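One structure below.
From a predicted model like this one, the values you see are computed outputs, not experimental measurements.
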Amino acid sequence: MDGSMEENGPQAEQGSGAHLCRLEGSIRTLVGLLTSNQALLQLEAARCLHELSHSEQSTVAEACLPATSYLLTYLSGHSSDFIELCLYTLGNLIVESEAVRRQLLPQGIVPALAACIQSPHLTVLEALGYALSQLLQAKEAPEKIIPSVLGSPLPQHMLQLLQPGPKLNLGVAVEFAWCLHYIICSQVNNALLITHGALSTLGLLLLDLAGAVQRTEDAGLELLACPVLRCLSNLLTEAAVEAVGEQMQLRDERVVAALFILLQFFLQKQPSLLPEGLWLLNNLTANSPSFCTSLLSLDLIEPLLQLLSVSNVVSVLVGPLLPSLLDTLAFSDTEVVGQSLELLQLLFLYQPGAVQAFLQQSGLQALQRHEEVAQLQDRVRALQQTAQHG
């Protein structure tokens, strides 16, 4: 999202903003029009400032400093179009200039944004999400911005806007999912977000996305999937999450099944997002035997191994699998050993290079102890054949 508004026409030519700012009194004139009592003049002045805010030169953003306090004040106005314009302009100025951020913080930009999040207008909410995301990406955000954001009503309202259902708006959800991602990455107080139900909300949204990609070909769902996957992955690494299943308040199998639906969708439509989904799968299964069991009960090992050829991330995740499977061959439980034999066969099918590692790690010797077990004989012979002859 670039903070531009379609109805405002083409952006100013590169460099024209800097040229205008050098004209004596030009910004003062714009501020005068912005603070006039004529709504049309105010709107035109705001549009001019919006065009200026697209400049990538920090000098232009700093030249607009005198206007920022007025833009902030107008966020409490009544015109949704005007508020939207002010939000996008502030977002553009914030991202380019630390001086702008330094001025706006003590003037109350966080409370002003918190007030806007209760707007009934989707266009205002999307613009708010854009402005907030720019603020949260500032280098000083973890120390000077995010603590005050977490202390405001913003996080709870953001999570409400990410609740799946008929009221969920894709554009709004995308912006606030990225906002949540920047907050989580700061690690300022993720336990607070978990207390507010972040894991549960994001888990339900993951299920909703999986259902949506099965129902529609509409583009844009991947734009929401990416930050949602990142948020969940990062939250699951938190020490505060001791009982993932309970915190998510979801059945394990639903989460894992939804994730695999999204992985198949990414494979077809957006392969660059496969690592995001696999990273989440890794974090889901890292400390949860029940999630690992779900991979087996839902027959998801083969779909996972099918991704070997398209993702290095899968290869990294599968790397430790072979020694673990060889360890299970020492078990006396026939069912466990049988499952391991099937997994080894799949592994050899989708990663032929694993055969050599199997032989080097005395895999054939491990198979010999099960040659006389009636329930395992066929699978043992098949595996021996594959390992010895390919």
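- Of the possible polar contacts, one joining the Thr328 side chain to the Leu325 backbone as a donor-acceptor pair under 3.5 Å is found.
- Minimum heavy-atom separation, Ile83 to Tyr74: CG1-O, 3.7 Å.
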- Task: In sequence, state the C-alpha distance, the side-chain angles, and the governing distance for Leu344 and Leu329, and then conclude on side chain to side chain contact (heavy atoms under 4.5 Å, CB included).
- Result: CA-CA 11 Å; Leu344 281 167; Leu329 293 182; 4.0 Å; yes
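- Without hydrogens or angle criteria, Gln377 side chain to Glu371 main chain gives a donor-acceptor distance under 3.5 Å.
- Here the options are Leu125, Leu128, Leu162, the test is side-chain contact (heavy atoms from CB on, under 4.5 Å), and the partner is Val172; only Leu125 passes.
- Between the Ser76 side chain and the Thr73 main chain, a donor and an acceptor come within less than 3.5 Å of each other.
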- Message: For a side chain to side chain contact (heavy atoms under 4.5 Å, CB included) check, start with the C-alpha distance between Leu87 and Leu132, then their side-chain angles and the critical distance, and finish with the verdict.
- Response: CA-CA 9 Å; Leu87 284 166; Leu132 182 59; over 6 Å; no
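- Taking the side chain as every heavy atom from C-beta outward, Leu159 and Leu180 approach each other to under 4.5 Å.
- Residue pairs satisfying the salt bridge (Lys or Arg N to Asp or Glu O under 4.0 Å) criterion with at least one member in residues 140-156, sequence neighbours excluded, are listed as follows: Arg101-Glu140.
- Under the 4.5 Å side-chain criterion, counting only non-hydrogen atoms from C-beta, Ser53 is not in contact with Leu49.
- Hydrophobic clustering places Val373 together with Val380 (ILVMFWY residues linked when any side-chain heavy atoms are closer than 4.5 Å, directly or through intermediates).
- Side-chain contact between Leu43 and Arg47 is present, with heavy atoms from C-beta onward closer than 4.5 Å.
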- Item | Audit row: Phe265, Leu273, side chain to side chain contact (heavy atoms under 4.5 Å, CB included) steps and yes/no | CA-CA 10 Å; Phe265 173 74; Leu273 287 181; over 6 Å; no
Expected list for residues 358-369: side-chain donor-acceptor pairs under 3.5 angstrom, two or more places apart:
{"residue": "Arg369", "atom": "NH1", "partner": "Ala330", "partner atom": "O", "Å": "3.2"}

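- By the 4.5 Å heavy-atom criterion applied to side chains, Arg28 and Pro66 are not counted as neighbours.
- The local environment of CZ in Phe82 is crowded, with over 12 non-hydrogen atoms from other residues, nucleotides or ligands closer than 6.0 Å.
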- In sequence, state the C-alpha distance, the side-chain angles, and the governing distance for Leu113 and Leu75, and then conclude on side chain to side chain contact (heavy atoms under 4.5 Å, CB included). CA-CA 8 Å; Leu113 296 179; Leu75 294 184; 4.3 Å; yes
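- Partners of Arg230 according to the side-chain contact (heavy atoms from CB on, under 4.5 Å) rule, which considers only residues two or more places apart in sequence or in another chain, are Trp178, His181, Cys226, Glu276, Trp279.
- Salt bridge annotation for Lys139-Glu98: present, with a cationic side-chain nitrogen under 4.0 angstrom from a carboxylate oxygen.
- In this structure, Leu71 CG and Leu93 CG are separated by 7.0 Å, a value rounded to the nearest 0.5 Å.
- The hydrophobic cluster containing Ile301 also contains Leu298, counting ILVMFWY residues as joined when their side-chain heavy atoms lie under 4.5 angstrom apart, directly or transitively.
- Note: Glu302 CD to Leu295 CG = 13.5 Å, rounded to the nearest 0.5 Å.
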- Task: Would you sort out whether Glu342 and Arg379 count as a salt bridge (charged side-chain N to carboxylate O under 4.0 Å, His left out), showing the intermediate values?
- Result: CA-CA 7 Å; Glu342 291 180 16; Arg379 281 175 282 187; 2.9 Å; yes
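- Of all heavy-atom pairs between Val355 and Ala387, the closest is CG1-O, 3.5 Å.
- Counting only heavy atoms from C-beta outward, the side chains of Ile183 and Val188 never approach each other to under 4.5 Å.
- Considering all non-hydrogen atoms of both residues, Leu232 and Gly203 come closest at CD2-N, 4.2 Å.
- In this structure a side-chain-to-backbone donor-acceptor pair under 3.5 Å is present from Gln42 to Ser36.
- Clustering ILVMFWY residues whenever any of their side-chain heavy atoms sit less than 4.5 angstrom apart, transitively, puts Ile146 in a cluster other than the one holding Val95.
- Note that SG of Cys231 and CD1 of Ile184 are 4.0 Å apart. Values are rounded to the nearest 0.5 Å.
- Residues Val256 and Thr285 fail the side-chain proximity criterion, which asks for heavy atoms closer than 4.5 Å.
- Here the closest heavy-atom approach between residue Val110 and residue Ser148 is recorded as CG2-OG, 3.7 Å.
- Criterion: ILVMFWY side-chain heavy atoms under 4.5 Å apart, direct or through other members. Under it, Leu41 and Tyr70 are not part of a common hydrophobic cluster.
- Taking CG of Leu104 as the start and CG of Leu65 as the end, the distance is 8.0 Å to the nearest 0.5 Å.
- For the atom pair CG of Leu52 and OG1 of Thr89, the computed distance is 9.5 Å after rounding to the nearest 0.5 Å.
- Looking only at side-chain heavy atoms (C-beta outward), Leu150 and Leu193 come within less than 4.5 Å of each other.
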- Item | Ser55/Glu96 under side chain to side chain donor-acceptor pair (under 3.5 Å): CA gap, chis, key distance, verdict | CA-CA 8 Å; Ser55 172; Glu96 294 300 335; over 6 Å; no
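- Side-chain contact between Phe260 and Leu304 is present, with heavy atoms from C-beta onward closer than 4.5 Å.
- Hydrophobic clustering (ILVMFWY, side-chain heavy atoms < 4.5 Å, transitive): Val60 and Leu33 are in distinct clusters.
- Scanning all heavy atoms of the two residues, the minimum distance from Ala114 to Pro153 falls at CB-CD, 4.0 Å.
- No side-chain N or O of Ser69 forms a donor-acceptor pair with one of Gln103 less than 3.5 Å apart.
- The line from CD of Glu84 to OG1 of Thr123 is 4.5 Å long, rounded to the nearest 0.5 Å.
- Not one N or O on the side chain of Glu44 forms a donor-acceptor pair closer than 3.5 Å with the backbone of Leu40.
- At least one donor-acceptor pair closer than 3.5 Å links the side chain of Asn283 to the backbone N or O of Ser233.
- The nearest pair of heavy atoms linking Arg254 to Leu207 is NH2-CD1, 3.0 Å.
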